[in-house]
2 protein chains.
Amino acid sequence: MERTSSADGGRESLVDKAYREIRQRILDNVYPAGHRALEQEYADELGLSRTPVREALLKLQSEGLVEVMPRHGARVLPVSPDDMRDIYEMLTAIEPMAAELVARKKLPAADLKPLIDASRDMTAALKHDDLDAWASADERYHRLLIALAGNRLLAETVQGLWDRAHRARMVTLRLRPRPVNSTREHNAIVDAIRTGDAKEAARLYRHHRERGSSELLALLEKARISSL
Amino acid sequence: MERTSSADGGRESLVDKAYREIRQRILDNVYPAGHRALEQEYADELGLSRTPVREALLKLQSEGLVEVMPRHGARVLPVSPDDMRDIYEMLTAIEPMAAELVARKKLPAADLKPLIDASRDMTAALKHDDLDAWASADERYHRLLIALAGNRLLAETVQGLWDRAHRARMVTLRLRPRPVNSTREHNAIVDAIRTGDAKEAARLYRHHRERGSSELLALLEKARISSL
DNA sequence: GCGCACATTAACGTATACATTAACGCATCT
DNA sequence: AGATGCGTTAATGTATACGTTAATGTGCGC
């Protein structure tokens with residue numbers, strides 16, 4: 001029986017390994033939408049027995065990345081425009097609540113610094129037309145905001161929604177306009193949070209999310225990703 | 001190997017049976033918070049082998065009802081006041097979005113009739129001081145609203161949150177004031193939906209949820225359910 | 001060619017076996 | 001009494017075996 005050591009000295013179970021590997025391959029489009037393989041095939045590919053692979057696939061199914069169909073294996077789910085609409089409706093509901101919770105807490109400046117830094121880094125990246133740096137700072141900003149909200153359920157739910165949307169977002173990454181609006185909105189949200197204006201923070205965030213999702217959904221419609 | 005036929009002629013897998021049984025026992029407080037048993041113990045109790053029980057427990061863990069701890073079995077999780085706060089923050093974000101989506105759709109009267117009926121049934125139950133009938137109509141109202149929103153992710157997420165909160169709500173069922181405010185709010189929400197006023201529907205729903213969750217959280221604090 | 005019946009096969013759900021090792025119990029030392 | 005070390009045990013994660021049956025392929029009749 002095989003044990004794999006992870007970088008920090010802990011032990012990664014084979015279920016976790018299978019989950020991580022398969023999930024990564026889906027997110028990287030190594031297994032594109034529609035890809036289908038039997039439990040044993042996935043297991044063969046990973047050099048594991050079927051049992052941990054099965055557990056991993058069931059977990060990935062509960063997260064919406066695959067569909068397990070008896071005798072037909074596990075199929076990588078496409079992300080349809082309807083799926084994306086559902087995901088963005090949920091994000092539009094939840095993320096502003098996160099901004100609201102953060103603003104309501106009136107956190108000390110030291111706690112808000114990483115968020116402010118991320119926002120500033122986005123502004124700088126935009127000035128240098130460095131889209132990759134901008135995306136990296138953007139991700140940081142959103143993660144920090146969700147974490148600062150201090151609601152574990154919320155953070156987990158939002159993370160799961162981001163994961164579901166990931167592939168569709170990657171398709172459009174280079175198709176989106178320069179993130180001038182986004183950057184301005186991020187800064188405005190941070191300002192509202194710093195002044196403890198919860199309502200305004202939520203309003204601004206919602207506007208940010210709605211504008212962003214409209215753009216993305218339009219691009220997806222254009223790119224016709226129904227087969228993704 | 002055992003197969004169980006369900007009422008509608010389909011076949012219930014042993015995983016599903018284990019999941020359903022254990023979940024029911026948790027929700028009914030047969031397994032109270034803190035109850036702990038090993039995989040094999042649960043399996044013995046259900047007359048199954050360990051494999052399907054393990055899968056069921058992992059699923060229940062992902063839903064927040066149990067915590068699986070290697071060598072210590074699966075423990076039924078209490079619902080702490082912090083948990084409830086997290087859950088209600090999430091519901092406060094998501095449910096008004098559902099009301100908004102329903103109102104925005106401007107559904108035909110026939111589609112809204114079941115919702116209107118549920119609301120009317122609550123009013124009638126209140127007049128007769130029939131709390132059970134009121135609770136039943138209340139549940140119907142909320143389920144219908146979430147379903148009418150037409151977002152599967154939203155419905156699943158909300159259902160999961162309700163399940164998590166279920167036990168705590170049961171503790172307080174007889175402690176809450178007569179649902180006069182609730183009933184009025186339900187009716188107002190339905191009116192906003194009928195007139196297609198999405199903003200107003202969301203605003204009213206949010207107020208409804210906030211008032212309801214404040215009451216419940218206060219009762220839980222009083223009942224000191226930290227041990228539940 | 002199409003539809004149906006039947007036989008075969010293998011995928012899956014489940015049960016069981018096995019290896020690892022965390023947890024426990026006990027003895028000893030300070 | 002508390003801390004430490006050691007040996008034993010059993011709970012879990014994993015591998016493998018087994019029974020069920022859905023899916024597929026083949027043959028036959030119209």
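The sequence lines fix the lettering, A, B, ..., with proteins before strands; numbering per chain opens at 1.
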Exercise. Which of parallel (below 30°), tilted (30 to 60°) and perpendicular (above 60°) describes A:Tyr31 and A:His35?
Worked result: parallel
For this session: Determine the interplanar angle of the B:His142 and B:His208 rings, folded into 0 to 90°, and report it as parallel if under 30°, tilted if 30 to 60°, perpendicular if over 60°.
Result: parallel
[X] [atom1] - [N] [atom2] separation (whole Å):
| X | N | atom1 | atom2 | value |
| --- | --- | --- | --- | --- |
| B:Glu41 | D:dT12 | CD | P | 9 Å |
| A:Leu14 | D:dT16 | CG | C1' | 15 Å |
| A:Leu57 | C:dA11 | CG | C1' | 13 Å |
| A:Asp44 | D:dT16 | CG | C1' | 14 Å |
| B:Arg36 | C:dA23 | CZ | P | 11 Å |
| B:Glu67 | D:dT12 | CD | P | 13 Å |
| B:Asp16 | C:dC12 | CG | P | 16 Å |

Exercise. What residues, two or more places apart in sequence or in another chain, satisfy side-chain contact (heavy atoms from CB on, under 4.5 Å) together with A:Arg206?
Worked result: A:Thr92, A:Pro96, A:Glu210, B:Met97, B:Glu100, B:Arg104
Exercise. Mind checking what makes side-chain contact (heavy atoms from CB on, under 4.5 Å) contact with A:Gln24, not counting sequence neighbours?
Worked result: A:Asp28
Problem set entry | Flag if over 12 foreign heavy atoms under 6.0 Å of CZ, A:Arg152 | no
Polar atom pairs between nucleotides 5-11 of chain D and protein, under 3.5 Å, N or O only, would you list them?
from, atom 1, to, atom 2, distance (Å)
D:dA11, N3, B:Arg71, NH2, 3.0

Seminar exercise, completed: Whichever of B:Arg50 and A:Arg50 has the more 5' nearest nucleotide on DNA chain D, that residue is B:Arg50
Problem set entry | CG on A:Leu91 to CG on A:Asp86, rounded to 0.5 Å | 11.0 Å
